[in-house]
Enquirer: 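Provided herewith is a single structure, encoded as structure tokens, for subsequent inquiry.
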Amino acid sequence: MELKEVLRFADEKVFAKTGKHLDDLQEAILKETLQGRKYAAKVAKDRDCSEGYVRVAAAELWKLLSEVLGEEVSKVNVRAILERAKFYNSYSSAIDKNYGTVNHNLNICQEKARSPTPPQNPQQTPTQPHIDLGDAPEIFRFFDSLRDSFAARPSELSTLQNWITQQRTRLIALLGISGIGKTTLSLGLINQIKTGFDYVIYRSLRFSPTPEATLTNLLQIFPQPTETPQNIDTKISQLLNHLRNYRCLIVLDDVQMLFCSGQPPGEYKSECENYQLFFKLIAEVSHQSCLMLNSSEKPREFVRLEKEYHPVRSFELGSLGIAAIDILKSEKLSDEETWETLIDIYQGNPLWLELTATLIRELFGGSVAQFLQCEMPILDEGLQSQLSQQFQRLTPPELAVVTHFANLAEPVAVTYFFNKIPLSSSEIVNAVRSLRSRFLLDAMEEEKITLFSLNPVLRQYVQSRYLSN
Ligand SMILES: Nc1ncnc2c1ncn2[C@@H]1O[C@H](COP(=O)(O)OP(=O)(O)O)[C@@H](O)[C@H]1O
Ligand SMILES: [Mg+2]
């Protein structure tokens, strides 16, 4: 994306939110940062002021952009975030052109749904569902008219649609490593099946709201018979009443944020423990709705719930595969014959591919062939910071095991580590299991033995972050 375009976009966003354009100093800081340069000395010299003054202005600018764009912006990630936001924005404009009315904020539609596409499944009764997508990103990639630019996931969509509409699954966990496309897929799914519901609701739990807050928020969407109760049991039972009376699809995204960092995966923070009760009752009690949980860590209780209750399932989202060429196409990269190699190296992870595509455009003139001549894989700064957030969550035994994996060229069985790491066998077994629950280890069966490995991107990250001096 052109620097000028990104700058103009940032200015438009700031103006839309504050009624003020970026001033010259803010623009100079942003321009330098977007070009990957150290801004303080240059901007201070050009403007004849102190570096300290420029740094304070920069800190305020990142804060302003964080408010405007709805996520934490810093000098390291500003370019990636602006480009991503611009990307969503342009697709919203494309939809505007195609369908006329879609509001420009962050939602597909806040209140009563207008259904821009005809119902996809003729068996479903076409209704006018109440759609409330809260702060969902604006994603229109599953609309037929835009399919060229996006990698649809037809088989994943059809499995999930089948679970929800035919098998009446009450609780679904959509799982997978961060960036693999859970949010995108769940919004695509909503778009595809929304007409079969009375209520369609999406909420992100990225700020770890308490279950009380989430339930209050959900209850407010429905017609209110009485005041919202204080007590959690009553809140849950009121919600269950609604889930019985109406057919609802509720997606709770970023569920991993309910879990403790530095603890085994899927362990609830103390103030979030009651979510377990909420999810269990959704599975246990009879109703006609579906709750879908998106998470990059498998909730602990899921293994048991899946066994005990039929209408509970989990779906692990994997590589986008060859369909990811649509991402590279829309990023306007060249050397199409080499794209498959690039997709393989970056595990068909759409976020990893998007970040790498930006790097290829900026430093290699968009030539994938040239980029592949470097020692692979190369991890762009944005990708490293994204991975660092995930690795910060590991326990010390998980970290010890994962760093050992980074030195191995071949997949190994769990027993390989016994007596090689100063941990007991049970600590090793549990660490491998936890790394699997975080989708950081790949597994394969060979002659009835399960072998585990670290993919090349994660291996490279672990080597450079934890093993090099
Ligand atoms: N099917 C897809 N086609 C094209 N881009 C995708 C697809 N799925 C995800 N992406 C892109 O990858 C990035 C990460 O996707 P997201 O849904 O946020 O992942 P997750 O929720 O698993 O972290 C987003 O920028 C999104 O636009
Ligand atoms: Mg997500």
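Start at 1 and go down the list; that is how both ligands and their atoms are numbered. Values below: every heavy atom of this structure, side chains too, minus hydrogens, waters and symmetry copies. Please read these numbers as outputs of a predicted model, since none were measured by experiment. Sequence positions, counted from 1, serve as the residue numbers for this chain.
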Enquirer: Quick one: closest heavy-atom pair of Pro137 and Leu187, and the distance?
Expert: O-CD1, 3.4 Å
Enquirer: Near Ile327, which atoms of ligand 1 are under 4.0 Å from a heavy atom of that residue?
Expert: 4 (C), 5 (N)
Enquirer: Is a side-chain N or O of Thr210 found less than 3.5 angstrom from the main chain of Cys272, in a donor-acceptor match?
Expert: no
Enquirer: Quick one: does Gly179 get an N or O within less than 3.5 Å of an N or O on ligand 1?
Expert: yes
Enquirer: I'd like to know if the side chain of Ser367 and the backbone of Phe364 have a donor-acceptor N/O pair within less than 3.5 Å.
Expert: no
Enquirer: Which atoms from ligand 1 have a heavy atom of Ile180 less than 4.0 Å away?
Expert: 19 (O), 22 (O)
Enquirer: On the 0 to 90° scale, with breaks at 30° and 60°, tag the Phe391-Tyr461 ring pair as parallel, tilted or perpendicular.
Expert: tilted
Enquirer: Using the six-membered ring wherever Trp is involved, compare the ring planes of His242 and Phe222 and label them parallel, tilted or perpendicular (cut-offs 30° and 60°).
Expert: parallel
Enquirer: By residue and atom, what protein N/O/S atoms are less than 2.8 Å from the Mg ion (ligand 2)?
Expert: Thr183 OG1
Enquirer: Heavy-atom contact under 4.0 Å between Gly176 and ligand 1?
Expert: no
Enquirer: Checking the side chain of Ser289 only, and the main-chain atoms of Tyr246 only, is there a donor and an acceptor separated by less than 3.5 Å?
Expert: yes
Enquirer: Checking contacts here: is it the side chain or the backbone of Leu320 that comes within 4.0 Å of ligand 1, counting heavy atoms only? Could be both or neither.
Expert: side chain
Enquirer: Give yes if a backbone or side-chain nitrogen or oxygen of Gly181 is under 3.5 Å from a nitrogen or oxygen of ligand 1, and no if not.
Expert: yes
Enquirer: Is there a donor-acceptor pair closer than 3.5 Å between any side-chain N or O of Glu306 and the backbone N or O of Arg313?
Expert: no
Enquirer: Can a donor-acceptor pair be found, under 3.5 Å and without considering hydrogens, that links the side chain of Gln347 to the backbone of Asp344?
Expert: yes
Enquirer: Could you tell me whether a side-chain N or O of Trp339 sits under 3.5 Å from a main-chain N or O of Ser334, the two making a donor and an acceptor?
Expert: yes
Enquirer: Closer than 3.5 angstrom, by distance alone: can the side chain of Asn274 be matched with the main-chain N or O of Pro211 as a donor-acceptor pair?
Expert: no
Enquirer: Please classify the Thr183 to ligand 1 contact at 4.0 Å (heavy-atom distances, strictly less than): side chain, backbone, both or neither.
Expert: both
Enquirer: Nearest heavy atom to atom 25 (O) of ligand 1: which of Gln256, Arg153, Lys182, Glu354 does it belong to?
Expert: Glu354
